[in-house]
Amino acid sequence: MTSKKTIKSAFESLMFVWGEPLDVKTAAELFNISNKEAYDYFAELKEEYDREGRGIRIREINKSFQLVTSSENVEYIERLCTPVREKRLSQQALEVLAIVAYRQPVTKGEIEAIRGIRCDRVLEGLMKRDLVQEAGRSSAIGRPILYGTTDAFLKHFGFQNLKELPDIEDIAGVMNLEEPEEGVETGQLTIEF
Amino acid sequence: MTSKKTIKSAFESLMFVWGEPLDVKTAAELFNISNKEAYDYFAELKEEYDREGRGIRIREINKSFQLVTSSENVEYIERLCTPVREKRLSQQALEVLAIVAYRQPVTKGEIEAIRGIRCDRVLEGLMKRDLVQEAGRSSAIGRPILYGTTDAFLKHFGFQNLKELPDIEDIAGVMNLEEPEEGVETGQLTIEF
Amino acid sequence: MSYKVKIDLFEGPFDLLVYLIETSEMNIYDIQVAAITRQYMDYIQEMQRLDVEVATEFMVLAAVLIEIKSKMLLPRIKPEGVAGGEGDPRDELVERILEYKRFKRAAALLEDRQEAMEAVLEKPKEDLSPYTKEPDEYLNLDIRQFAAAFHLFLHKRKKVEEIRKNYARVERQRMTIEDRIQSILRLFRQKALKKITFRQLVEEEDTRFNRVVTFVSLLEMARQRVIKVKQQETFGEIVIGIGEEAGEKKVHDQ
């Protein structure tokens, strides 16, 4: 027989790793207790979290329980997620921009195939910033839109034309970059093949 | 001026959404409080969670704090689901990592002298897993690269900081050996084979 | 041999040496060099006999052991007036073994910690997008960042090229039988052809996939009597002519 304290502690751990609402019935089965008992433990926990004014709360959704943040703290979370300081173009955006610059004209499908990750929003953002523009249609089936860089892009880097882009093979030398280690995650970059 | 209770509650919310270790400095900036103050709040929270035997705990990794499950509940979690875990390190990786951890900053040559065998590939693997990083250059001839451990190393092994590394200098005791007669220095060795 | 152990059990020459010393229960401060050297050499020979590649590092330590063994045979000379003299030829070896064992022990400690930490689980980051108020992204990129981003991508350039190739192929392969039927009909109409040979049609296509599509399309067209197919002799030229039903088949002009 597992003690109430142990079960309640376990429920916290379970909700934490589960993420999604955790079904009371599932939880009850794990400990071989009745649904009623399991429900009561969850409800007690929820009540404790509320009473103590914790930053993490428990939400009940149709006989399931889930850990969520306290709604009072939304403002702080927003502050954390949106730094006031100037935010730089994300690594993701940089990478898509680089692919467009060197591969242009290029379809979205090709960019996505190269990066293994969808890029609709990133591409949209780059177009909004006038760094990337549509550059006709591919003759491939479906005639997908081709993308290329803009004059603003050239101007930003002080290039006269695209031929001035650093040579692909030379880029490491020119920029004096260290060879990146495979698999190392640099910030938000996720190149997956 | 935000109250202590509010800030602590906010810290819980922030750690929850962030998932990864949350830097004390970042948290302090959000509330315009000193790093020391922020650190103390995190430490208090951590202590509370431990004292109450919660299913969620707070762990410290080099002035960052992160929510994790209580290790006691792993059995229950595994009844619910199979958590995704990092791959364990091989014996040789552990040996090289141990030398880096205790001798840092250390050159590859020094590691190889201790183990009597090359370690390029092992070291590369450890860097890929972000457990070891470059830590400058030695002033010795050829200015070889120095290596040190990362925060991910601390996290992987559950250390708050490097000071928590267990003592290995009293190895003689560990190995049930007689302490050698005086005059034998076990510290610095420079024997070339 | 009394110790048939696999080579890959040992991380290096010191690992092997420590194993041998420990299994023969020798005092580390009084290593019987002759005995241990013999065991070490036996072991290496056994590995070689089994065709296991022996790293040169193992041979280096073998040489060191042999050297110490030979020094042990010489009487130790303590020049008068010089305190201590040359010392025990085994000293350096003992030091190195102790040093190695120290880290072997540290590795074991880390291994235990690693296992213990598997009981501690993190949660993934929440989806932060609801909290990100219109990301105030402002363009502040410099050429280094830009190049770095591209460099990462280049790092896997070969793979990228492969993907690109595959990707292009996938696109081209999307030619369907419907499409091909239309294009064949168009060919007849536009050039006001009466006949065309199978070879001519197929030669237009550059991939095997498209040739197969062409062939299947022709079969389908023949079945629908849109075309007539004639072959004068076995393996001879297949001649395709327009069939009775061709007029009813709608031909879309692009």
Side-chain angles (χ1 to χ4, degrees), chain B residues 16-21 56-57 59 66-75 77 83 85-86 88-99 101-103 112-119 155-159 165-166 168-169 171-172 174-175 177-178 180-181 183-186 189 191 193, chain C residues 8-18 22 27-30 55-58 60-65 67 84 87-88 91-128 130-131:
Chain B
F16 184 83
V17 296
W18 204 242
E20 290 154 26
I56 302 171
R57 299 298 172 92
R59 76 167 158 192
Q66 180 185 29
L67 291 176
V68 291
T69 60
S70 155
S71 59
E72 293 150 21
N73 292 336
V74 68
E75 188 207 324
I77 294 168
R85 294 191 165 108
E86 275 180 78
R88 288 186 187 177
L89 293 163
S90 70
Q91 270 306 317
Q92 33 171 355
L94 284 166
E95 276 185 33
V96 171
L97 192 53
I99 297 171
Y102 282 88
R103 278 292 154 85
E112 288 174 349
I114 291 169
R115 296 184 66 240
I117 195 152
R118 296 182 67 88
C119 67
K155 198 170 107 174
H156 187 83
F157 294 99
F159 296 121
L165 281 176
I168 53 159
E169 290 306 321
I171 196 84
V174 175
M175 293 193 305
L177 288 170
E178 302 274 328
E181 292 131 84
V184 180
E185 277 175 28
T186 43
L189 285 174
I191 299 156
F193 273 33
Chain C
D8 53 9
L9 273 179
F10 297 104
E11 309 297 343
F14 274 95
D15 208 21
L16 170 59
L17 185 63
V18 166
E22 282 176 353
N27 178 347
I28 189 136
Y29 294 109
D30 188 20
T56 50
E57 285 95 339
F58 283 86
V60 173
L61 184 58
V64 170
L65 287 172
E67 195 194 337
D88 194 315
D91 283 354
E92 289 185 354
L93 184 66
V94 171
E95 285 306 329
R96 290 206 50 179
I97 290 171
L98 281 179
E99 179 81 338
Y100 177 69
K101 288 193 78 162
R102 192 173 288 129
F103 286 110
K104 186 98 181 142
R105 169 78 190 151
L109 291 172
L110 289 182
E111 191 174 23
D112 291 346
R113 295 286 298 216
Q114 170 175 251
E115 218 179 304
M117 287 311 289
E118 287 185 356
V120 177
L121 299 166
E122 308 169 54
K123 73 182 271 303
K125 201 175 242 187
E126 296 292 304
D127 176 9
L128 300 180
Y131 303 112

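Source: prediction; values computed, not measured. Proteins get letters first, then strands, A, B, ... in listed order; numbering begins at 1 in each.
- A donor-acceptor pair under 3.5 Å is absent between the side-chain atoms of B:Ser71 and the main chain of C:Ala119, judged by distance alone.
- Of the inter-residue distances, the one linking C:Glu57 atom CD with B:Ile117 atom CD1 reads 4.5 Å to the nearest 0.5 angstrom.
- With hydrogens and angles disregarded, a donor-acceptor distance shorter than 3.5 Å links the side chain of C:Arg113 to the backbone of B:Gly158.
- If you take CD on C:Glu115 and CZ on B:Phe157, they are separated by 11.5 Å, rounding to the nearest 0.5 Å.
- Shortest non-hydrogen contact noted between C:Phe103 and B:Ile99 is CG-CG1, 3.5 Å.
- With sequence neighbours excluded, the residues satisfying side-chain contact (heavy atoms from CB on, under 4.5 Å) with C:Ala107 are B:Leu94, B:Glu95, B:Ala98.
- Within the 4.5 angstrom heavy-atom criterion, atoms from both the backbone and the side chain of B:Leu89 approach chain C.
- Contact of B:Arg59 with chain C is made through the side chain alone, with heavy-atom distances under 4.5 Å.
- The minimum heavy-atom distance linking C:Lys125 with B:Trp18 is given by the pair CG-O, 3.1 Å.
- For the atom pair NE2 of B:His156 and CE of C:Met117, the computed distance is 9.0 Å after rounding to the nearest 0.5 Å.
- The two residues C:Leu110 and B:Phe159 make their nearest non-hydrogen contact at CD2-CE1, 3.9 Å.
- Atom-to-atom distance recorded for B:Arg115:CZ and C:Tyr100:OH is 6.0 Å, nearest 0.5 angstrom.
- Salt bridge present: C:Glu118 and B:Arg88 bring a charged side-chain N and a carboxylate O closer than 4.0 Å.
- The part of C:Leu109 that comes within reach of chain B is its side chain, from C-beta onward, which places non-hydrogen atoms under 4.5 angstrom from that chain.
- Proximity to chain C involves both the backbone and the side chain of B:Gln91, based on heavy atoms less than 4.5 angstrom apart.
- For B:Ser90, no part lies under 4.5 angstrom from a heavy atom of chain C.
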